Amino acid sequence: MAQSGVTVSIEAVHENQIQEVSLDGHETVIPPLSMSECLAKSAQKIDFGEEDEGIEGKQTSEEGTTEKEESAFQPSLWPWDSVRNKLKTSLTEIGVLLDVLNIAKEKKYMAIVQVQQDTSEPKSALQLLAKKKGLNTAASVLISGAERLKRSQEEKGGVSSHDKFHIELLKLRQNWRLKKVGNSIIGDLSYRSAGSRFWQGGTFEVTKTTSLPSDQEGSTAQQYPLQVVIPSELEGSSYLQLEIKSVPDSMDLMSVTLQVPDGFGRTPLNAHWQSRLDTAQNVLFCKELFAQLAREAVQLKSNVPHVVVSNQIITNIFPGVQLSIVLCHSTGKGDKKTGPHSGKMDHKHVLEHSLHQLLREVHHRTLHLAAPHPVTAPFGMSKRRRLAGPTAMSRSDLKEMSDSETLLEQIIKQARHEVLRQRTMSVIDRLAGEIPDPQIMAHWSCLNSPLQSNVKIIITSNGYEGMRVTWQSLDLEIGVDGILVTTKDRRTLKLSFQEKEVEDIIRWQVSQHHIALSQNLARLIGWQVLSYNGCSGVGEMEGFACASSIQLVAPNNDRMLSVRSGPTSGLHVFLKIDSSGNLDPSLSSLVDPKWLNLGGTFRELDLEQIEGRNLATKLELIMAMVNKKR
Amino acid sequence: MGVVCVYTFPVPEGKSGQQVVDSLQRQLELLGAVKTANFSVDCETYQSNNPTGAAQRILHVLHNSEQPASCFAILDNGTTLVADVLFEVLVAKLTQSKSGKDGYYERRKGLKIESKGPRFELSDFIVKIGSVSMASNFKGILVEVEYCPCAIPGECWELMKEMMQSFMGTVVENPPMAVKNKKDQFYTPSDTVAQYLEHFNNFRKAVVNQSPR
């Protein structure tokens, strides 16, 4: 039960000292210290000098006490001065610390890293080994460096290898385009600058030879101060092989045999850089050429399908004649397993060279524009297109102009011409050997193109060439698809690619020659030509063309010669001697001798028995002998 | 290039141009002609800008789809230039006004005239039926007949006349001026274009004559 009315008061104990008690009992209390006074008192107790070294601290404390003694005579702020200074320095120090901490926290300019603890020391044996190994490697590096220096010092000629490198580099720069990329020297061996647009580029790197010459090899391998590093896909050597072979008609393109390129020597690694770069450039060129041909072979729409099989392109240029283009690339790494090839490789070197030239022409055309054009305009229309406007060419003319021939088409044309020419040549040569009687001479024109050749065939009799009239001459114009023949009387005949047609024509001309010869001989000797038939429709039929015949009569009208010559039936000479001997002597006075000539039979003469080199001499002999005066 | 004759085919009253074209087309197809493509011949006129007040020269620039790479320029006195199609660019430059001054030539607007239509091939002949329009207004019909094998008008005019009369009727009596003048010389594409220009000018004059009505 709380009873109200009792007040309890709590008072603090008077702690203030009583200064004096006055007579009336009033206590005079020492006023309690104000906050500042209290602080001053406490501050005086603190010795700021203690943070310094002990000795100094003692000194400062001594100084502090002296100062305090002195300060008794100075205003009350003085005791705070040192305090103030000390506080100020501590403030700056703390400020610096704060800044450091802030910066460290930002981790942008400073970072606080843990100090690594020292591990326990390893055993001394391990240490020794480690140190030994380290020293060894350092020693070897130093030794090799010293050797190199020694070597360069010992070199004769006075040119250091460094200079030699630069001299070689100068020579290299005279032939190839080089540029410096970073620390290395890069060169370009592709045909880009000559107009090629092939995707594969050829860059090679030029390095200094750093390896020491090995003494075991002896002095056979010559050291060059310059080494060229060629990209791996261009290593080795390659060439394009073009072959024309006749295949049996039944064989189709699908069953062709794949070519295995024979291993041919590669350029050894330490060959001169020029030869290595040349072979690499050749490899790139052959690659580009083959890629272009293969692309055209696939895209071209022609009557004859072209077959492209890995590194070979095969096509039929004539029925029974096949053209194959093979890219032979040997990387030169252990290719000696292919033994000697069976059968001679019959490549057409001329056509291969022609292929190279064609591709170079393509390159040239991309870079050069046909004149006239201003120097500042290297690209533009071809000359024909430029003229199309002013000459008002029609649509069909323009279309014709825009079709240009592909590389493959061009080489096929050249190959066909080559085949035709070879065949014609062989036929003419063979016939010239086989037919002894009239001489067959072939004069080939010096001026010919890869697509056309001309030959003039002249058939004469030996010893009677003076009679120009008796010559039979033929002009053969050998083109791409066929041969155009122009005879002496300006008739033109078109022959196809068959060899037999040329042979037939020549044989026919030989037979014509026999008759022309007989005619002229007769004229010279004095015999009369009764009839000349350039194309006789009587007698047995020839295999081709036609036979021709001539009838000659002696000046005395008592002998008749008939010569018939055909390409297949050959040469036949018939002689008729009248039967005047058989006449009844009783009738001779009545009948005029001239009527006796009507009768008689023709008898064939055996030309083998008659002396004479050819028909002309034989005929001459016959005519002379038979011409008897009555 | 053969010999070309261009004639206007009259559009009878009451019939539209399209009907006439269709009837001609049907006749040709009956003859055995084969439609190969469309053709177009157009003409733009430029007038010279002579500040000194000298006589105005008129330049006509024509294109013919038969010679796609060429552009024909004919002056009022008949001088013809056969050039590449880039000639137009040159004329455009001449027409441009630069740095305050007017161009040397000024295009006469509203005078662009063209003849468009189908092109038929009938063995050695090429027949083109063109509807002439100026600013999408139909003006008339122009029929062009070309005989390809011959290039000398004097030798083939009779043959052409007979062929043309077979489907065009009596419109064809006299050879066009360009053909008549060149009876014994080689016929060139610029003569064709000159014939077209003559017809185009006639069509333009016809407009002028009719407009006051």
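As the structure is a computational prediction, the values presented were derived from the model and not from experiment. Every chain is numbered from 1, with letters handed out A, B, ... down the list of sequences.
- Within the 4.5 angstrom heavy-atom criterion, only side-chain atoms of Phe72(B), from C-beta onward, approach chain A.
- Atom NZ of Lys494(A) sits in a sparse spot, with 12 or fewer heavy atoms from other residues, nucleotides or ligands closer than 6.0 Å.
- The neighbour count for His353(A) NE2, taken as heavy atoms of other residues, nucleotides or ligands under 6.0 Å away, does not exceed 12.
- Looking at every heavy atom in both residues, Gly389(A) comes nearest to Ser70(B) through O-OG, 2.6 Å.
- Closest approach of Asp84(B) and Arg385(A) over heavy atoms only: OD1-NH1, 2.9 Å.
- The two residues Pro68(B) and Met393(A) come nearest to each other via the heavy atoms CD-O, 3.9 Å.
- Heavy-atom neighbours of Lys161(B) NZ from other residues, nucleotides or ligands within 6.0 Å: above the threshold of 12.
- Using a 4.5 Å cut-off between heavy atoms, Leu81(B) does not touch chain A at all.
- Shown here is Arg386(A), whose CZ atom has more than 12 heavy atoms of other residues, nucleotides or ligands within 6.0 Å.
- Residue Phe186(B) places its CZ atom among 12 or fewer non-hydrogen atoms of other residues, nucleotides or ligands, all under 6.0 Å distant.
- Between Ala69(B) and Leu398(A), the closest heavy-atom pair is CB-CD1, 3.8 Å.
- The neighbour count for Lys182(B) NZ, taken as heavy atoms of other residues, nucleotides or ligands under 6.0 Å away, is above 12.
- When atom types are taken as modelled, the side chain of Arg395(A) and the backbone of Ser65(B) share a donor-acceptor pair closer than 3.5 angstrom.
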